[in-house]
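What you are looking at is a predicted structure, and each value in this text was computed from that prediction instead of being measured. Quick note on labels: first sequence line is chain A, next is B, and so on, each numbered from 1.
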Protein chains: 2
Amino acid sequence: MLDVRRLRLLRELAHLGTIAAVAEALSFSASAVSQQLSVLEKEAGVPLLERTGRRVVLTPAGRNLVRHAEAVLERLEQAGAELAHAREGLAGPLRIGTYPSAARAIVPAVLAELAGWHPGLEPMVTEVDPAEVAAALRAGELDVALVHEYDLVPADPEPGLAVTRPVFTEPMYLAARAPGTVADQRAEPWILSPPGTLCHSMAVRACESAGFAPRIRHRIDDFATVLALVAAGQGVALVPHLGIDRPPPGVVLTRLPMYRRTRAAFRAGAGAHPAISAFVSALHTAVPAPLRNSA
Amino acid sequence: MLDVRRLRLLRELAHLGTIAAVAEALSFSASAVSQQLSVLEKEAGVPLLERTGRRVVLTPAGRNLVRHAEAVLERLEQAGAELAHAREGLAGPLRIGTYPSAARAIVPAVLAELAGWHPGLEPMVTEVDPAEVAAALRAGELDVALVHEYDLVPADPEPGLAVTRPVFTEPMYLAARAPGTVADQRAEPWILSPPGTLCHSMAVRACESAGFAPRIRHRIDDFATVLALVAAGQGVALVPHLGIDRPPPGVVLTRLPMYRRTRAAFRAGAGAHPAISAFVSALHTAVPAPLRNSA
DNA sequence: CGCTTCTCGTAAGCTGGGCCGATGCTCGAC
DNA sequence: GTCGAGCATCGGCCCAGCTTACGAGAAGCG
């Protein structure tokens, strides 16, 4: 019988790429992960990893085994969810991950709603870099997370995770010192999020589809700061609805036909977990009506 | 994350009924099983076992968890089967269980066939009481087993196990000192298998459907002995085709419109295991044509 | 070309999870 | 009542699996 703990390591390896990253994510030493994977390989009787240079990549047999591991872990997650269901009186910690603007604009109301429904629940919110949220969920550091996607940036489904339908959809705004379209800002300096982020790709693609490449002056992730810079005449920017909270005077916001959608994500199989489904419900009710995606 | 080893104990408990039996089946001490189940219950947070008198029964939550355990174990079995597929050159032990008459009449030819196909395979045959074959498969003491059923005795599917379609079907014969039907033997003494066996139920029902209850004189499981007793005038009996090997003189066999069907059984998920599917194929080719169930 | 850095593997040592055996308790059979 | 079957608990032991330390090989860089 294959050992599920070892299969889990293999799965994380498939997602994270290096043994060191797996060790980091699961709070082990790299040595332990290496040893356990060696044992797994031995009892599999088939090479699962190919040592290539100083890295390691999965063989086809290894990738195949990961598929099974995903299925097994999903089913175990389901079993855990059903047990939580059977435990009446929702209680205990619920670790929530979120991106920054939702943390400020939405999450407090969601927590208040949730506290009213289930006083025993202890929600713990962590602001998480969207790039790391999937790994954090899989590693069990988070139970549920708010994730977002832009029309222009297709979000590929993460294996091992599941997402809800969009909970709310925000329009995007062009923030400038005067009304106008994206195309009008061809010559202006732009304020974007740091490269590698979804927001960055989104802004670049929006400009590209307007026919130009943005001249990037500042790289700022916080929308309040972005708006302050816009007010100071430092450039123009694209800002989602939730990022706009009492905009400074002088900033003109033009609504665009572009949207950012937010969903809840969790480990596959955990959708039936009562704490998670309660969180999702609270999310739906706490979202301001204009943004809400009704079922 | 729930521990699969513990879930396995719970599943065995669901099938075997007592902790002591689980310990016996999996070669643990009862103490170890009890401790592990306690831990499982603790981390489940829900009562899984109900101590009732000196026994223990599963709660609804426990039974529910067993369903998940079955699914997980099945998937792990599949994963193991795929790995075995990837290991080219079928080799290693294959533990085969069989009921006695097949062991004598069919299995030698199957093993010969199999040895020709896969010289590296080391089949190990064990004669197993049909009542225990399911537990032995689940406990991992056997990999595949020949099991049979009678028309008159419906075989309910074993959870956690899978069976092939019938590999061969034997007619049943009435063994007596003169030709005749079952109904003709109303007054004769009967030779049956020991009570509790499938063969016993089969014979009793056959007589019942002929309108009488058999007067049981001898309880013998070995068909060669049964035929010798029939020849000696000690009674009449129902014997399947495979149980008839050079019948002693004086025995008259009358073919009946009743059948015994033989299938291969294995752990759910292991159907794709190359050694098991090779065994099933060898079984099909080694069975004498008149009995064979072609696809 | 040598230095650093990163990653993986191996060796050695320690710790605690989990097993066993013994004991005690409770229930049911006789 | 007595006995045995079955389960829980306690004490003790052992090895699976972890950490730390070290070494080897590959990439990047001046």
Query raised in the report: With distance as the sole test, does B/R63 use its side chain to make a donor-acceptor pair with the main-chain N or O of B/L58 at under 3.5 Å?
Result: yes
Report task. Answer yes or no: side-chain N or O of B/S29 and base N or O of C/dG21 forming a donor-acceptor pair under 3.5 Å. Result -> no
Report task. Would you mind classifying the nucleic acid contact of A/A20 as base, sugar-phosphate or nothing, using non-hydrogen atoms under 4.0 angstrom? Result -> sugar-phosphate
Query raised in the report: Out of B/E70, B/E77, B/E158, B/E141, which residue meets the salt bridge (charged side-chain N to carboxylate O under 4.0 Å, His left out) rule with B/R267?
Result: B/E77
Report task. For A/R87, check salt bridge (Lys or Arg N to Asp or Glu O under 4.0 Å) against everything at least two apart and list the hits. Result -> none
Report task. Round to the nearest Å and state the distance from B/E50 atom CD to D/dC7 atom P. Result -> 14 Å
Requested in this report: Verify the contact: side-chain N or O of B/Q36 to OP1 or OP2 of C/dC19, cut-off strictly under 4.0 Å; return yes or no.
Outcome: yes
Query - Under 3.5 Å donor-acceptor pair, A/S34 side-chain atoms to C/dT10 base atoms - result: no
Requested in this report: For the side chain of B/F28, starting at C-beta, report the closest nucleotide among C/dC19, C/dT10, D/dC18.
Outcome: C/dC19
Report summary line: Closest of C/dC8, C/dG18, D/dG6 to the B/R6 side chain is C/dG18
Query raised in the report: Reckon B/R5 has a side-chain N or O less than 4.0 Å from the OP1 or OP2 of D/dA16?
Result: no
Query raised in the report: C/dT10 C1' sits how many Å from A/E41 CD, rounded?
Result: 15 Å
Query raised in the report: Between D/dG17, D/dC7, C/dC20, which nucleotide has the shortest distance from any of its atoms to the side chain of B/Q35?
Result: C/dC20
Query raised in the report: Atom CZ of A/R55 to atom C1' of D/dG25: distance rounded to whole Å?
Result: 14 Å
Report summary line: Separation of C/dG9 atom C1' from A/L48 atom CG, nearest Å, is 17 Å
Requested in this report: If the plane angle is over 60° it's perpendicular, under 30° parallel, otherwise tilted; pick one for B/F212 and B/W190.
Outcome: tilted
Report task. Specify the separation, in whole Å, of atom CG of B/L26 and atom C1' of C/dC20. Result -> 16 Å
Query raised in the report: Nearest to the side chain of B/R51, which nucleotide is it out of D/dG17, D/dA8, D/dC18?
Result: D/dA8
Report task. Give one of base, sugar-phosphate or nothing for B/S31, where a contact means two heavy atoms less than 4.0 Å apart. Result -> base
Query raised in the report: Roughly how many Å is it from CG in A/L37 to P in D/dC18, rounded to a whole number?
Result: 11 Å
Requested in this report: Measure from the side-chain N and O atoms of A/D143 to the backbone N and O of A/R95, and report whether any donor-acceptor pair falls under 3.5 Å.
Outcome: yes
Report summary line: B/I19 atom CD1 is separated from C/dC20 atom P, nearest whole Å, by 14 Å
